[in-house]
Amino acid sequence: MYSHRMAEIQSAGRSCGYAIAIHGSMQRDLDVVAIAWTEHAMPPNSLIAHFQNLGMTIGPDSPKEKPHGRITYTLLMGGALFMDLSIIPPKPQP
């Protein structure tokens, strides 16, 4: 069920300067890591806005801060489908 959404998820990530990687089995949910990849990677809220434009909504208790500056979101994808997204944001510019 999740594999058909990966192309659009990766495209949204790429357009915001992020590399997108799957780090789960895609059985119960879609576990994705978004890693700031380019020099001009956008802030996490811009990436989330792109996912919202794909029809995803932010789930309860999101966002959460995690170790090493990681930010996590649960995104509801419709029906019983959801994505657990971990974002490694770009470092602030000095």
Side-chain angles (χ1 to χ4, degrees):
M1 294 298 292
Y2 291 106
S3 59
H4 73 281
R5 300 287 310 262
M6 278 310 298
E8 65 184 1
I9 290 168
Q10 288 174 320
S11 178
R14 195 171 18 260
S15 71
C16 293
Y18 287 81
I20 302 292
I22 298 170
H23 72 94
S25 65
M26 294 194 300
Q27 296 300 311
R28 184 182 66 84
D29 62 358
L30 180 59
D31 296 306
V32 171
V33 178
I35 305 155
W37 203 256
T38 68
E39 183 177 336
H40 301 291
M42 296 178 182
N45 61 337
S46 296
L47 178 62
I48 294 299
H50 275 71
F51 289 138
Q52 288 175 308
N53 288 339
L54 296 176
M56 299 179 198
T57 58
I58 298 172
D61 301 324
S62 290
K64 291 182 182 176
E65 293 186 19
K66 297 292 184 171
H68 308 293
R70 195 166 35 100
I71 303 165
T72 63
Y73 287 84
T74 297
L75 295 171
L76 310 174
M77 301 171 73
L81 303 179
F82 63 98
M83 176 170 63
D84 285 333
L85 174 66
S86 290
I87 301 172
I88 300 174
K91 290 184 178 183
Q93 297 299 316

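Index from 1, following the sequence. Bear in mind that the values here come from a model prediction, so they are computed numbers and not experimental data. Just so it is clear, the values below take in all heavy atoms, side chains as well, and ignore hydrogens, waters and symmetry mates.
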Check your understanding: P44: what forms a side chain to side chain contact (heavy atoms under 4.5 Å, CB included) with it, not counting sequence neighbours?
Key -> Y18, I71, I87, P89
Practice item. Decide side-chain contact (heavy atoms from CB on, under 4.5 Å) for L47 and M42; before the verdict, give the C-alpha distance in whole Å, the side-chain angles of both, and the deciding distance to 0.1 Å. Key: CA-CA 7 Å; L47 178 62; M42 296 178 182; over 6 Å; no
Study note, to complete from the structure: Interatomic distance, CZ@R14 vs NE2@H50, rounded to 0.5 Å, equals 12.0 Å
Exercise for review: Kindly work out whether a path of hydrophobic side-chain contacts (I/L/V/M/F/W/Y, heavy atoms less than 4.5 Å apart) joins F82 to L54.
Suggested key: no
Review point. With the 4.5 Å side-chain cut-off for hydrophobic clustering, are M83 and L81 part of the same group?
Key: yes
Point to revise | Least distance between heavy atoms, P90 atom then A36 atom | key: N-CB, 3.4 Å
**Study point:** side chain to side chain donor-acceptor pair (under 3.5 Å) contacts in which one or both residues fall within residues 56-65, not counting sequence neighbours
**Key:** none
Point to revise | Shared hydrophobic cluster, I22 / F51 (ILVMFWY, side-chain heavy atoms < 4.5 Å) | key: yes
Practice item. Could you tell me which residues satisfy side chain to side chain donor-acceptor pair (under 3.5 Å) with E8, sequence neighbours excluded, listed by chain and number? Key: R5
Practice item. To the nearest 0.5 angstrom, please state how far the CD1 atom of I9 sits from the CE atom of M77. Key: 4.0 Å
**Study point:** Remaining members of the apolar cluster that contains V33, side-chain heavy atoms under 4.5 Å
**Key:** I35, W37, I88
Exercise for review: Begin from the C-alpha positions of I48 and L85 and carry the test side-chain contact (heavy atoms from CB on, under 4.5 Å) through to its verdict.
Suggested key: CA-CA 10 Å; I48 294 299; L85 174 66; 3.7 Å; yes
Review point. Restricting to pairs with a member in residues 23-50, which pass salt bridge (Lys or Arg N to Asp or Glu O under 4.0 Å), not counting sequence neighbours?
Key: none
Point to revise | Within residues 69-78 or reaching into it, pairs that qualify as side chain to side chain donor-acceptor pair (under 3.5 Å) - sequence neighbours excluded | key: R70-S86, T74-D84
